Amino acid sequence: RMAPQIAARWLQNDGGGSGLLISGIAGIPPLDVVILGAGTVGINAARAFDGLGARVFVLDTSLERLQKVEDRFNGRVVTMVAYDFNIARVVQFAHVVVGAVLVPGERAPILVTRDMLHTMRSRSVILDFAIDQGGCIETSRPTTHADPVFIEESVIHYCVPNVTGVVARTATHAFLNGAWKYIESITSNGLEGALQQRPALARGLAVHGGKVLSANLALLNQVEKSS
């Protein structure tokens with residue numbers, strides 16, 4: 001949901017952007033926003049940009065997810081399969097590119113290469129929300145809230161992990177709304193009882209009783225030991 005307010009900030013002249021308004025006005029078209037990934041982040045970013053009147057393109061490898069986007073937005077959002085040639089095509093005219101890719105337990109795949117950046121509009125904006133998993137833009141590198149952007153190939157990159165840290169009150173309430181039933185279960189039944197009562201909690205447990213339960217974490221641990 002924060003994507004438009006972040007993009008709008010860096011599209012402004014005083015943010016180094018090209019001085020464009022996302023929604024456009026009478027006689028001036030809205031901006032083109034490309035969202036890579038139709039998961040939770042991508043759909044919520046699409047909702048927020050669509051609400052401002054942007055022209056939104058959502059790309060994903062899953063036709064099922066794209067169908068959900070089509071149904072949810074009643075055709076207001078353009079959906080495309082995330083083939084390399086489709087990504088290369090849409091980034092050429094995009095004013096904003098949002099990286100919203102998540103492969104659970106793995107590094108995010110690189111979807112936008114440096115060569116693709118050469119074709120992008122000067123002073124367009126990339127929001128790489130996949131930076132927590134390594135980033136889905138070849139030129140991305142982690143930034144901070146104190147120094148959130150850098151320019152690479154004439155494109156503004158915003159690559160802050162934990163984006164919601166600057167809306168801490170809203171983020172905390174949102175987190176607790178989702179986590180409260182698990183917290184309450186642990187306090188009422190103890191950890192062992194809560195794990196039995198709530199299978200989802202058990203699936204999210206990475207380490208317990210001195211054992212690594214997460215397959216991905218265990219594999220990473222083996223790699224580090226061998227190296």
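The model shown is predicted, which means the values in this text are computed figures rather than measured ones.
In terms of modelled atom types and a separation under 3.5 Å, the side chain of H95 and the main chain of L31 share no donor-acceptor contact. At distances below 3.5 Å, at least one donor-acceptor pair connects side-chain atoms of T187 with backbone N or O atoms of I183. Using a distance-only test at 3.5 Å, with no hydrogens or angles considered, no donor-acceptor pair links the side chain of T170 to the main chain of V167. R9 places no side-chain N or O within 3.5 Å of a backbone atom of I6 that could act as its donor or acceptor partner. Checked by atom type and distance alone, the side chain of T143 pairs as donor or acceptor with a backbone atom of C159 at under 3.5 Å. Without hydrogens or angle criteria, N44 side chain to T40 main chain gives a donor-acceptor distance under 3.5 Å. Counting only distance, with no hydrogens or angles, the side chain of D128 and the backbone of V98 share no donor-acceptor pair below 3.5 Å. The main-chain N or O of R65 is found under 3.5 Å from a side-chain atom of S62 such that the two form a donor-acceptor pair. Looking only at distances, a side-chain donor or acceptor of N189 sits under 3.5 Å from a matching main-chain atom of S185. Of the possible donor and acceptor atoms, none in the side chain of T172 sits under 3.5 Å from a partner among the backbone N and O of R169.
Residues L66 and V101 do not share a hydrophobic cluster, clusters being chains of Ile/Leu/Val/Met/Phe/Trp/Tyr side chains in contact below 4.5 Å. Hydrophobic clustering (ILVMFWY, side-chain heavy atoms < 4.5 Å, transitive): F129 and V97 are in distinct clusters.
By the 6.0 Å and 45° rule, R121 does not stack over the aromatic ring of F93. Geometric assessment of R198 against the ring of Y182 yields a positive cation-pi assignment under the 6.0 Å and 45° thresholds.
Of all the heavy atoms in I156 and G15, the pair that sits closest is CD1-O, 4.0 Å. Smallest separation of non-hydrogen atoms from V103 and P109: CG2-CD, 3.9 Å. Across every non-hydrogen atom of V58 and G37, the tightest pair is CG1-O, 4.1 Å. Contact detail for A194 and L201: the closest heavy-atom pair is CB-CD2, 3.8 Å. A pairwise comparison of heavy atoms in A38 and D60 identifies N-OD2, 2.7 Å as the closest pair.
When the shell of 6.0 Å around CG of D84 is examined, it contains 12 or fewer heavy atoms from other residues, nucleotides or ligands. For R55, the CZ atom counts as loosely surrounded, since its 6.0 Å shell holds 12 or fewer non-hydrogen atoms of other residues, nucleotides or ligands. Applying the 6.0 Å contact sphere to CZ of F150 captures more than 12 heavy atoms from other residues, nucleotides or ligands.
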Checklist line | From CA spacing to verdict: side chain to side chain donor-acceptor pair (under 3.5 Å), S140, H157 | finding: CA-CA 7 Å; S140 290; H157 292 57; 5.1 Å; no
Next item on the list: Please lay out, stage by stage, how I87 and L59 fare under the test side-chain contact (heavy atoms from CB on, under 4.5 Å).
Entry: CA-CA 8 Å; I87 296 173; L59 289 81; 3.9 Å; yes
Margin query: T61 vs V81, test: side-chain contact (heavy atoms from CB on, under 4.5 Å). Steps then yes/no.
Written below: CA-CA 5 Å; T61 56; V81 179; 5.7 Å; no
Next item on the list: Begin from the C-alpha positions of V56 and D32 and carry the test side-chain contact (heavy atoms from CB on, under 4.5 Å) through to its verdict.
Entry: CA-CA 6 Å; V56 181; D32 293 315; over 6 Å; no
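Between the side chains of H118 and Q92, not a single donor N or O lies within less than 3.5 Å of an accepting N or O.
Aromatic ring centres of F49 and F57 lie farther apart than the 6.0 Å criterion allows.
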